[in-house]
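Excluded from the calculations below are hydrogen atoms, water molecules and symmetry mates; all remaining heavy atoms, backbone and side chain alike, are included. The model shown is predicted, which means the values in this text are computed figures rather than measured ones. Residue numbers start from 1 in every chain, and the chains themselves are labelled A, B, ... in the order their sequence lines are given, proteins ahead of strands.
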Amino acid sequence: MSEPFSAAEARIAVTLPGGRTLNFPRPVSGSDIAAALGKSEAAVAISIDGKARDLSHLVEGDVEARLITRDEPEGLAILRHDAAHVMAEAVKELYPDTQVAFGPATETGFYYDFARAEPFTPEDLAKIEARMHEIVRRNEKITREVRDRGAAIAFFRGIGEEMKAEHIAEIPESEEVSLYRQGRFVDLCAGPHAPSTGALGEAFKLMSVAGAYWRGDPRNAQLQRIYGTLWAKKEELGQYLFRLAEAEKRDHRRLGRELELFHLQEEAAGSVFWHPKGWRLYRVIEGYMRGRLEKAGYFEVSGPQLLDRSLWVASGHWEKFREHMFTAESRDERVLALKPMNCPGHVLIFKSRLRSYRELPLRLAEFGACHRNEPSGALHGLLRVRAFTQDDAHIFCTEEQVASESIAFCELLLSVYRDFGFADVAIRFADRPTVRAGSDEVWDRAESALQEAIEATGLPYTKNPGEGAFYGPKLEFVLRDALAREWQCGTLQLDFVLPERLDANYVGADGARHRPVMLHRAILGSLERFIGVLIEHHAGHFPLWLAPVQVMVASISEESARYAGEVARACGDAGLRAELDTGSEKIGYKIREHSLLKVPVILVVGRREAETKRVMLRRLGSNVQEALALDEAVARLKAEAAIPQDA
RNA sequence: GCCCCGAUAGCUCAGCGGUAGAGCAACCGCUUCGUAAGCGGUAGGCCGUCUGUUCGAAUCAGACUCGGGGCACCA
């Protein structure tokens, strides 16, 4: 490309990604640079020496610059942020008595929080969206102004935007206070923004209204949050809406009903009614886990559901976890709590007799049924319930054993996830929360021990500050499903506090009493939640070893019904979960019916198969049939349906 | 728990002041059929619960329960 300017006055060098350098007269704006590169249309902002700026930003000296365009994630985020402003402008035009609070971009769009006495209705959303399109068509210039903070506060007070004024007071002195103006709307904002509202395009849509607390604090006023989605192109918006519709189709609550797995009803809000097929699935998973744990050196135990208040006081739960606990009273008026966690029970088993260091690490596992009194608004299908069963275990060990136990646990966990079809697992390190038990010294020790342990596994992880359990720091294992959604399931928590509080100890090689360390760990987390995730991940189409009904034998007409029975029996004898359909419907109807119920294998048998002792094997999702000898089909399916026992 | 929205047959939904409708499913017949919906018929609802307004409420109002989307909380 030829150089756009040739004058000999003061010039600056702009270095682009890849090392190419352009010379411009000083000063040069981001727009000039974009124009020089022929990218005026696509550019929404510019990165100058690593900092995102408006295109109107003037460059005064030699810099490194990179255009931010609408087709890359960073540019899209800026457009989404622009959309939040445009929405706020539309709302202020339509409902001038509204105060604006906070409006960022999100992963799929944007939102803005508003304070207004009247609730926004769905009809209001339609009006706001229409007005947004109008503002985009007006193509208002978006300009940035830096203000002295006193003046800025006075300005927002003057226009009745108290929350904005309050927000300015919190901006660190080191940062400048900038205002963005478009049409008659002025917002406090760090930027950057696209040069004009026309940049938004048309690929956006307002989605919903929700309540949200001012600064996320429930003690503050509740605002109305309007969510929207925005994409670079209309097709991408369409794809996003299509993905939402697809996600709804695999919603575990819908599939739970359609596949007859479970149901929920108000008489037991937050607890699951497992139906025969769902319970079958549950038990297969439980049995699989039991096998894995036994091989990994765990001992399964089972503790009481109701334990006396005094234990919970001693463990610290009564103080830190009281509001989540269900309580009951005995005849003699003792207060008992339905266990929300299994750990105190396991400590009591550990303490039931004198323990030797030779027994460590002692791994006590339990499919522990727990109850937590979750706030009603938190309940959500199987994913958030009040009664659930954890694949829980507590490892009592010495501090020296923490690293090796952690490594072994991580290996076990990843192998289990692989068996269930989850390959993508993220690890987060969650450190001390505000509400916690134990001294800072103990937390220092626990955090560094857990940190060493995770480093020792060699697995990548990120930090999740302040999210630890009240008794110790934890690793959270987050799996990503087929729709790239994240679910926290597994956990590994290091606890110096509970053994201390419940006075657990063992006799060491030196003959003295020592305090064991406790590792709390779960792989699936709660079986309920994990099954919910599993249903959505597989869209109800489970791998053969998990499918509640593995094989459906369907006869073509009455003359093959008898042989169909034989086939079903042969499958059952081989340990397959097989069912028989000899009804009078046509075969097409049967196939449709069992396909909708997501049975992975349908064996079709008619006169030809009966005569030759064969079956016609048909897999869910395919319309290819394979003719096989009965024996061979059964042997193959049996092998395929085997429960994975070790990777 | 908080904000908004919702609750009508097993499911999906229509009806929105004059006392309940469709499709699918269910059940009963007929059909015996070769790979994702054969045909006909029957039955099925205290319109989430309670209170109020009204001559009259599925329909309007209020409260409650549960559900949904969020917030906060969290496995």
Item to complete: Could you tell me whether A/Gly525 contacts a base, only the sugar-phosphate backbone, or nothing, with contacts defined as non-hydrogen atoms closer than 4.0 Å?
Response: nothing
Fill in: Nearest-angstrom distance, P atom, B/A14 to B/C71
27 Å
Worksheet item: Taking the six-membered ring for Trp, are A/Phe262 and A/Tyr282 ring centroids under 6.0 Å apart?
Response: no
Worksheet item: Taking N and O atoms by type only, does the side chain of A/Glu374 place a donor or acceptor under 3.5 Å from a partner on the base of B/A75?
Response: yes
Fill in: Sugar-phosphate, base or nothing in reach of A/Gly377, heavy atoms under 4.0 Å
base
Worksheet item: A/Tyr471 and A/His520: aromatic ring centres closer than 6.0 Å?
Response: yes
Practice prompt. Using only heavy-atom distances, decide whether a donor-acceptor pair under 3.5 angstrom links the side-chain of A/Arg384 to the base of B/C74.
Written response: yes
Fill in: P atoms of B/U19 and B/G68, separation to the nearest Å
35 Å
Worksheet item: Do the rings of A/His252 and A/His380 sit parallel, tilted or perpendicular, given the 30° and 60° boundaries?
Response: tilted
Fill in: Separation of B/G1 C1' from A/Asp217 CG (nearest whole Å)
14 Å
Worksheet entry | Pair A/Glu640 + A/Arg636, salt bridge at N-O below 4.0 Å | no
Practice prompt. Please report, rounded to the nearest Å, how far the C1' atom of B/C5 is from the CG atom of A/Leu206.
Written response: 16 Å
Worksheet item: Quick one: the side chain of A/Glu609 and the base of B/G34, do they pair up donor-acceptor inside 3.5 Å?
Response: yes
Discussion item. Counting only side-chain nitrogens and oxygens, does A/His380 get under 4.0 Å of the OP1 or OP2 atom of B/G69?
Written reply: yes
Item to complete: Please give the nucleotide sitting opposite B/A36 as a Watson-Crick or G-U wobble pair, both distances under 3.5 Å, or none.
Response: none
Item to complete: Take atom P in B/A43 and the same atom in B/C28, then report the distance between them in whole Å.
Response: 15 Å
Discussion item. Which nucleotide wins on minimum distance to the side chain of A/Arg618, given the candidates B/C73, B/G34, B/A36?
Written reply: B/A36
Worksheet item: Taking the same atom, P, in B/A9 and in B/C3, what whole-Å distance lies between them?
Response: 28 Å
Worksheet item: Is A/Ser526 touching bases, backbone alone, or none of the nucleic acid, heavy atoms closer than 4.0 Å?
Response: base
Practice prompt. Determine the contact category for A/Ala210: base if any of its heavy atoms lies under 4.0 Å from a base atom, sugar-phosphate if only primed atoms, P, OP1 or OP2 are that close, otherwise nothing.
Written response: base
Discussion item. Using atom C1' in both nucleotides, what's the gap between B/A75 and B/A37 to the nearest angstrom?
Written reply: 42 Å
Worksheet item: Do the rings of A/His317 and A/Phe321 sit parallel, tilted or perpendicular, given the 30° and 60° boundaries?
Response: perpendicular
Worksheet item: Contact class for A/Ile587 (heavy atom, under 4.0 Å): base, sugar-phosphate, or nothing?
Response: sugar-phosphate
Worksheet item: Quick one: what's the B/S/- string for nucleotides 39-51 of chain B, heavy-atom cutoff under 4.0 Å, read 5' to 3'?
Response: -------------
Discussion item. Using the ring-ring contact (aromatic ring centres under 6.0 Å, His included) definition, which of the options A/Trp487, A/Phe530, A/Phe542 pairs with A/Phe420?
Written reply: A/Phe530
Worksheet entry | Atom P, compared across B/G52 and B/U59: separation rounded to whole Å | 14 Å
Response to the item:
Of A/Tyr213 and A/Thr491, the one whose nearest nucleotide on RNA chain B sits closer to the 5' end is A/Tyr213
Fill in: Nearest-0.5 Å distance that lies between atom CG in A/Leu413 and atom CD1 in A/Ile427
7.5 Å
Practice prompt. Could you point out which residue of A/Val284, A/Ile531, A/Asp419 forms a side chain to side chain contact (heavy atoms under 4.5 Å, CB included) with A/Leu546?
Written response: A/Val284
Worksheet item: Where the side chain of A/Ala378 is defined as all heavy atoms beyond and including C-beta, which of B/C30, B/C73, B/A36 is the nearest nucleotide?
Response: B/C73
Worksheet entry | Nucleotide opposite B/U53 in a Watson-Crick or G-U pair, distances under 3.5 Å | none
Discussion item. Whether the side chain of A/Asp495 engages the backbone of A/Met518 through a donor-acceptor N/O pair (distance < 3.5 Å, no angle test) should be reported.
Written reply: no
Worksheet item: Should A/Arg257 be listed as having a side-chain N or O under 4.0 Å from OP1 or OP2 of B/U12?
Response: yes
Practice prompt. Looking only at side-chain atoms of A/Arg592, point me to the closest of B/C33, B/G70, B/A36.
Written response: B/A36
Worksheet item: For B/C33, does either OP1 or OP2 sit under 4.0 Å from a side-chain N or O belonging to A/Tyr589?
Response: no
Worksheet item: Could you give the distance from CG (A/Leu223) to CD (A/Gln99), rounded to the nearest 0.5 Å?
Response: 9.0 Å
Item to complete: Could you tell me whether the side chains of A/Thr106 and A/Tyr227 share a donor-acceptor contact shorter than 3.5 Å?
Response: no
Item to complete: Check every atom of B/C74, B/G70, B/A36 against the side chain of A/Arg372 and return the nucleotide holding the closest atom.
Response: B/C74
Worksheet item: What is the nucleic acid contact for A/Glu558, judged by heavy atoms within less than 4.0 Å: base, sugar-phosphate only, or nothing?
Response: base
Item to complete: Would you kindly give the NZ-to-C1' distance between A/Lys586 and B/A36, to the nearest whole Å?
Response: 12 Å
Discussion item. When both hydrogen-bonding distances must be under 3.5 Å and the geometry is Watson-Crick or G-U wobble, what is B/G21 paired with, if anything?
Written reply: B/C13
Worksheet item: Does a sphere of radius 6.0 Å around CD in A/Gln265 hold more than 12 heavy atoms from other residues, nucleotides or ligands, not counting ones at 6.0 Å or beyond?
Response: yes
Worksheet item: OP1, OP2 of B/A37 versus side-chain N and O of A/Lys590: anything below 4.0 Å?
Response: no
Worksheet, complete the sentence: Against the side chain of A/Pro375, the closest entry in B/A36, B/C4, B/C73 is B/C73
Discussion item. Rounding to an integer number of angstrom, what distance separates B/C13 and B/A7 when you compare their P atoms?
Written reply: 10 Å
Worksheet item: Which listed nucleotide (B/G70, B/G34, B/A75) is nearest to the side chain of A/Arg607?
Response: B/G34
Fill in: Gap between atoms CD and P, on A/Glu323 and B/A72 respectively (whole Å)
16 Å
Discussion item. Mind checking if A/Gly588 touches a base, just sugar-phosphate, or nothing, with heavy atoms under 4.0 Å?
Written reply: sugar-phosphate
Worksheet entry | Residue closer to the 5' end of RNA chain B, A/Leu382 versus A/Ile556 (nearest nucleotide) | A/Ile556
Worksheet entry | Pairwise C1' distance for B/C46 and B/G29, with rounding to whole Å | 33 Å
Discussion item. Need one value for A/Tyr111: base, sugar-phosphate or nothing, where a base atom within 4.0 Å counts as base even if backbone is also close, heavy atoms only.
Written reply: nothing
Discussion item. Contact list please: residues 247-256 of chain A against RNA chain B, heavy atoms, distance less than 4.0 Å, in numerical order.
Written reply: A/Arg253
Discussion item. Classify the ring geometry of A/Phe114 against A/Tyr112: parallel below 30°, tilted from 30° to 60°, perpendicular beyond 60°.
Written reply: parallel
Worksheet item: With sugar-phosphate meaning primed atoms plus P, OP1 and OP2, does A/Pro218 contact a base, only sugar-phosphate, or nothing at under 4.0 Å between heavy atoms?
Response: sugar-phosphate
Worksheet item: Across the strands shown, which category fits A/His324 at heavy-atom distances under 4.0 angstrom: base, sugar-phosphate, nothing?
Response: sugar-phosphate
Discussion item. Using a 4.0 Å heavy-atom cut-off, does A/Gln625 contact any base of the nucleic acid, only the sugar-phosphate backbone, or nothing at all?
Written reply: base
Worksheet item: In whole angstrom, what separates A/Gln493's CD from B/A75's C1'?
Response: 9 Å
Worksheet item: Rounded to the Å, how far apart are A/Leu223 CG and B/A72 C1'?
Response: 13 Å
Worksheet item: How close or far is atom C1' of B/C71 from atom CG of A/Leu379, stated in whole angstroms?
Response: 15 Å
Worksheet item: Contact class for A/Met616 vs. all strands (heavy atom < 4.0 Å): base, sugar-phosphate, or nothing?
Response: base
Fill in: Residue A/Glu107 excluded, over 12 heavy atoms near CD under 6.0 Å
no
